[in-house]
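Here is the structure we will look at.
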Amino acid sequence: MLFPLVTADTLESLCLYKAPPDFSWRQFRDEKSASKQITFSHLRNLEIEFGTGRLGSGDSSNSHNHGSEYRNHFQLRFPSLRQLSTEFWYISTDIILRESLPESLDYVRIWGFMECVENSLLIIPRHIKTLDIHMDDVEDTELERFYALTNKIFDMSVADYYSLSFHNSFFHLDIDRINWFSLCKLVVLRVTMEVAVGILEKLTMLEIFQINALDTDEGYINDVWPNSLGDNLPELDPLNSRVSYLGLSCEKDFNSGLQTPQIFYYFMFRLRKLERFYVDNDNNIFCRAFIERHGSQYEHLNNIGVFKKH
């Protein structure tokens, strides 16, 4: 990555994309000064993205050490920083040290494989308003490590608001192995109906829940919301949930039958704090009709805005 010398003191936002393994801060030094310290006095937003490829063990070791003579040469300071974003930070942990950052940040986003997340966690300060984790490509062979890492993250008590999103990860979550009690936002690629309900019951701090592919089980659906009910509603207690935003796409298209409406009715009925409900295909028509039909009896339904996912 070649670019001219940049005056660190004047920058307010810095985005570094596709940073190489030998990345160095030397381009930001003051050539007129013999000091080893580089101070980004006014920088409020910092984004660093490395490559997206997963390194082998040999490459990772080499990349960790490559360029360290330059990185360790400078003492970085980011006194005004409020937002930090790291993507695929697998090559080294000494590019930024925790001591370089303020004691608190407004927003930290970490995106990458598990080793990238682990590296980034080493530098985050003691207090963050929002910690936004994006897990990429979690493999079946890594699940033991995955559950240990995520349970540790959401028990760290460093953030006011925790968010977790999955990308290119299609394993089924084991509700019995997650202890994400402080999690506020969750975006998953695929879960079963039973696990989705378990998440809502277990993660009582959750406010935003997006399911990109709900793996529907017709037997389970019919147990909790039988077809034979007609316009009568089942006797189901409200879920002890804070979820106000729910995004839901089904693994299968049941528009020609009754299964999809049953699924949506179930969540609308049991989530008493739901305000924004995003559904796929034309299921918003079914949901709005359900609200019109039962809103007078169950007032919380009238607080739900139904939208079509794009």
Quick one: do the K273 and S241 side chains pair a donor with an acceptor below 3.5 Å? no

Point-to-point distance, once rounded to the nearest 0.5 Å, from OG of S249 to CD of Q210: 7.5 Å

Regarding D9 and S41, do their side chains bring together a donor and an acceptor under 3.5 Å, going by distance alone? yes

Would you indicate whether the side-chain heavy atoms of F269 and H294 approach each other to under 4.5 Å? no

Step by step, would you call K185 with F209 a side-chain contact (heavy atoms from CB on, under 4.5 Å)? CA-CA 6 Å; K185 177 182 177 181; F209 190 20; over 6 Å; no

Partners passing side chain to side chain contact (heavy atoms under 4.5 Å, CB included) against S182 (at least two apart in sequence or in another chain): F154, Y162

Check: L122 main-chain N/O paired with R98 side-chain donor or acceptor under 3.5 Å: yes

Does M156 belong to the same Ile/Leu/Val/Met/Phe/Trp/Tyr cluster as I178, with side-chain heavy atoms less than 4.5 Å apart forming each link? yes

With no hydrogens and no angle check, do the side chains of Y107 and R109 hold a donor and an acceptor under 3.5 Å apart? no

Considering residues, nucleotides and ligands other than E201, do more than 12 of their heavy atoms fall under 6.0 Å from its CD? yes

Hey, quick one: are L248 and Y278 part of the same hydrophobic cluster, counting side-chain heavy atoms closer than 4.5 Å, chains of contacts allowed? no

With a 4.5 Å cut-off on side-chain heavy atoms, are H167 and W111 touching? yes

Give a yes or no on whether the backbone of S296 and the side-chain of N302 come within a donor-acceptor separation of less than 3.5 Å. no

Over all heavy atoms of both residues, which pair between I110 and I124 is shortest? Give the atoms and the distance, please. CD1-CG2, 4.4 Å

Please round to the nearest 0.5 Å and tell me the distance separating atom CG of N45 and atom CG of L11. 11.0 Å

Do any N or O atoms from the side chain of N151 and from the backbone of N179 form a donor-acceptor pair under 3.5 angstrom? yes

Counting neighbours of CG on N240 that are heavy atoms of other residues, nucleotides or ligands and sit closer than 6.0 Å, is the number greater than 12? no

Under the salt bridge (Lys or Arg N to Asp or Glu O under 4.0 Å) criterion, do E118 and R145 qualify, and how do the steps go? CA-CA 11 Å; E118 289 167 337; R145 179 183 175 194; 2.6 Å; yes

Under 3.5 Å donor-acceptor, T192 side chain and V195 backbone: yes

Whether D106 and K129 form a salt bridge (side-chain N of Lys/Arg under 4.0 Å from carboxylate O of Asp/Glu) is what I want to check. yes

Does the side chain of L173 reach to within under 4.5 Å of the side chain of I199, using non-hydrogen atoms? yes

I would like to know whether K202 and F181 meet side-chain contact (heavy atoms from CB on, under 4.5 Å); could you show each step before the answer? CA-CA 8 Å; K202 188 172 186 177; F181 300 117; 3.9 Å; yes

Under the rule for side chain to side chain contact (heavy atoms under 4.5 Å, CB included), what residues qualify as partners of S157, not counting sequence neighbours? none

Look at the rings of W25 and F23 and say which category their plane angle falls in: under 30° parallel, 30 to 60° tilted, over 60° perpendicular. perpendicular

Taking all non-hydrogen atoms of both residues, which atom of I211 and which atom of A196 are closest, and how far apart? CD1-CB, 3.8 Å

Rounded to the nearest 0.5 angstrom, the CE-CG distance for M205 and L186 is 14.0 Å

Are side-chain N/O atoms of D132 and H134 paired as donor and acceptor at under 3.5 Å? yes

Identify whether the distance between the nearest side-chain nitrogen and carboxylate oxygen of E299 and R272 falls below 4.0 Å. no

Can you label the angle between the Y298 ring and the H300 ring as parallel, tilted or perpendicular, going by 30° and 60°? perpendicular

For the student: nearest non-hydrogen atoms of R242 and T204, plus distance: CG-O, 3.3 Å

Working for side chain to side chain donor-acceptor pair (under 3.5 Å), residues T39 and Q37: CA-CA 6 Å; T39 301; Q37 181 167 302; 3.1 Å; yes

Identify the two heavy atoms, one from L164 and one from M135, that lie closest to each other, and give their separation to 0.1 Å. CD1-CG, 3.9 Å

Testing F50, F88, W89, F146 one by one against F113 for a ring pair (Phe, Tyr, Trp, His ring centres under 6.0 Å), which residue passes? F88

Looking only at side-chain N and O atoms, does D137 offer a donor or acceptor that is under 3.5 Å from a partner on N168? no

Cluster question for you: counting only ILVMFWY and a side-chain heavy-atom cut-off of under 4.5 Å, with indirect links fine, are L101 and L14 together? yes

When you look at L274 and N303, which way does the side-chain contact (heavy atoms from CB on, under 4.5 Å) test go after all the steps? CA-CA 7 Å; L274 188 61; N303 298 325; over 6 Å; no

Interatomic distance, CD1@I123 vs CG@L97, rounded to 0.5 Å, equals 8.5 Å

Do E139 and F171 have side chains that approach each other closer than 4.5 Å (heavy atoms only, starting at C-beta)? no

For T150 and W180, what are the C-alpha separation, side-chain angles and deciding distance, and is it a side chain to side chain donor-acceptor pair (under 3.5 Å)? CA-CA 7 Å; T150 52; W180 308 337; 3.1 Å; yes

Heavy atoms of T86 and S120 approach each other most closely as OG1-OG, 2.8 Å

Is there a path of hydrophobic side-chain contacts, each under 4.5 Å between heavy atoms of I, L, V, M, F, W or Y residues, that connects F267 with Y245? no

Are L214 and I263 close enough, and set up right, to give a side-chain contact (heavy atoms from CB on, under 4.5 Å), and what steps lead you there? CA-CA 10 Å; L214 183 68; I263 294 167; 3.7 Å; yes

Just so I know, are the side chains of D280 and C250 near enough to count as touching, which here means a heavy-atom distance under 4.5 Å? yes

Are F277 and F264 close enough that their ring centres sit under 6.0 Å apart? yes

Using modelled atom types only, decide if a donor and an acceptor are shared between the side chain of R126 and the backbone of S104 within a distance under 3.5 Å. no

Hey, are the side chains of K152 and L121 touching, using non-hydrogen atoms and a 4.5 Å cut-off? no

Distance in Å, R190 CZ paired with N212 CG, rounded so as to fall on 0.5 Å steps: 11.0 Å

How about E194: does its CD atom have over 12 heavy atoms from other parts shown lying under 6.0 Å from it? no

Note, L271 side chain near L246 side chain (heavy atom, < 4.5 Å): yes

Taking CZ in R82 as the centre, count heavy atoms belonging to other residues, nucleotides or ligands within less than 6.0 Å. Is the count above 12? yes

Which atom names give the shortest non-hydrogen contact between P79 and P102, and what distance separates them? O-CG, 3.8 Å

So that I can tick it off, tell me whether R177 and E144 are bridged by a salt bridge, with the cut-off set at under 4.0 angstrom between side-chain N and carboxylate O. yes

Rounded to the nearest 0.5 Å, what separates atom CG in L46 from atom OG in S100? 10.5 Å

In terms of hydrophobic clusters joined by side-chain contacts under 4.5 Å, are L143 and V191 together? yes

Distance-only donor-acceptor check, side chains S85 and Q83, under 3.5 Å: no

R77 charged N/C atom sitting above F40 aromatic ring, 6.0 Å / 45°: no

Any side-chain heavy atom of L149 within less than 4.5 Å of one from M114? yes

